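The next block holds one structure in the form of structure tokens; read it before the comments.
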Amino acid sequence: MIFLGVDGGGTKTAFVLITSDGEVLARHESATCYYLGVGMDKARETVLKGIEETCRRAGITPADITYTFLGLPAYGEVSADVARLDAIPQALLSTERYRCDNDMICGWAASLGCQDGINIVSGTGSIAYGELRGRKARCGGWGELFSDEGSAYWIGCQALNLFSRMADGRLTKDILYDLIHEHYPCGNDLDICDLVFNQWQGERGKIASLAQLACEAATGGDKKTREIFFQAAHELALMVDTLRSSLGFAANENIRVSYSGGVFKGNDIILEAFAYELSKLNGNYHISLPEYPPSLGAAIYAAKLNGTPLSGQALKQLTVHGG
Ligand SMILES: Nc1ncnc2c1ncn2[C@@H]1O[C@H](COP(=O)(O)OP(=O)(O)OP(=O)(O)O)[C@@H](O)[C@H]1O
């Protein structure tokens, strides 16, 4: 049997084909399929071309795929769009052989191997998703305009705010100020407005990319920028703790928590702060290292949805070769 996992993100879409033995047949990565950003037609094209290309790399056709799970960003957030999103793969796959849902499931399936627990995603956006004894719940992820706390976009906005305060003297200039000038050379401080509003047109992914500069500044010892990451960790932990209640974990029950998304990559500050914030909220949290990348999580979930969950041996094989 062959399973396809599709993990749609705010900046990219990742595809992976695996066998029921845990062999990775092919991978592919393409542009974002965030339909609220790029439009439904572009999102459809990205998904369909991505499936075809991944199959081509594996030397198979879409008809050879046993089951597919597609995690699409913003799926389920506009009720009127759900049927149109569900219909996207029909051009290549028959309806009984795939399921679409929100991409938050990919992170959860990947990080916790589809076991009970809560996963927090902090990529371009942020969201928490968990399952417990068949119950499913999400928290956060209401979009970048007024939510997505702790995400790269949110961190990018906070970094721009710090830059403005440092530039006009409300705060002492620090590493972040210099780093932004270094990466985006501009004549004077106010040119940052031209960059963000006119050149970037407020583009979500561009603003989110500033989170990497913020990480560099924080790691270098910029105190105010470090505080952004502490605040982000607090917000992300709050989302997890809210799910603990909504999923109905018992008072003394161990709670497995994992994490996914670019903000956690190469960023010890946020990971340590997140663990600290969780420990303050409840002593029963156990943070597990994410087991697989989200695209593999989608493929593992596809096998589960097909009623043929991967065996322990196959999962181990994936850890060695696909993780
Ligand atoms: N060390 C870092 N510290 C902070 N942010 C980082 C770091 N490395 C990468 N990022 C940010 O992570 C984001 C990308 O994360 P990821 O690849 O998980 O996004 P995505 O899957 O496209 O988005 P999403 O899952 O939210 O839809 C980028 O915005 C990038 O700036």
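The first residue of the sequence shown is numbered 1, and numbering continues consecutively from there. Here the structure is a predicted model, which is why all the values come from computation and not from measurement. One-based numbering, in listed order, for ligands and for the atoms of each.
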task = Report yes if the side chains of Ile270 and Phe230 come closer than 4.5 Å at any heavy-atom pair, otherwise no.
result = no

task = Go through the side-chain N and O atoms of Ser147 and Glu149 and say whether any donor and acceptor fall under 3.5 Å apart.
result = yes

query = Got the closest protein heavy atom to atom 1 (N) of ligand 1, with its distance?
reply = Lys265 O, 3.0 Å

request  = Evaluate whether atom NZ of Lys49 has more than 12 neighbouring non-hydrogen atoms of other residues, nucleotides or ligands under 6.0 angstrom away.
outcome  = no

ask   = What protein heavy atom is closest to atom 27 (O) of ligand 1, reported as residue, atom name and distance in Å?
value = Gly10 N, 2.6 Å

ask   = Could an N or O of ligand 1 be found under 3.5 Å from any N or O of Thr11, whether backbone or side chain?
value = yes

request  = Would you indicate whether Arg256, at its atom CZ, is surrounded by more than 12 heavy atoms from other residues, nucleotides or ligands within a distance under 6.0 Å?
outcome  = yes

message = Regarding atom 30 (C) of ligand 1: of the candidates Lys12, Glu144, Gln212, which has the closest heavy atom?
response = Gln212

key: Numbering as shown, the atoms of ligand 1 that approach Ala152 to under 4.0 Å (heavy-atom distance)   = 11 (C), 13 (C), 29 (O)

inquiry  = Just to confirm my output: which protein heavy-atom neighbour is closest to atom 26 (O) of ligand 1, and how far is it?
reply    = Gly125 N, 2.7 Å

ask   = Given that the side chain starts at C-beta and the backbone is N, CA, C, O, which of these parts of Ala208 lies under 4.0 Å from ligand 1, counting heavy atoms, or is it both or neither?
value = both

Residue of the set Val16, Leu70, Asp103, Leu72 for which side chain to side chain contact (heavy atoms under 4.5 Å, CB included) holds with Asp7 = Asp103

ask   = Within a strict 4.5 Å, meaning less than it, do heavy atoms of the Leu289 and Tyr259 side chains meet?
value = yes

query = More than 12 heavy atoms of other residues, nucleotides or ligands under 6.0 Å from NZ of Lys173: is that the case?
reply = yes

inquiry  = What protein heavy atom lies closest to atom 25 (O) of ligand 1? Include the residue and the distance to one decimal.
reply    = Asp103 OD2, 3.9 Å

request  = Give the residue and atom name of whichever protein heavy atom lies nearest to atom 3 (N) of ligand 1, and the separation in Å to one decimal.
outcome  = Asn267 ND2, 3.1 Å

ask   = Is it the side chain (CB and beyond), the backbone, both or neither of Ala211 that lies under 4.0 Å from ligand 1, heavy atoms counted?
value = both

Nearest option to atom 12 (O) of ligand 1, as decided by whichever heavy atom of Gly261, Ser122, Gly262, Pro293 sits closest = Gly262

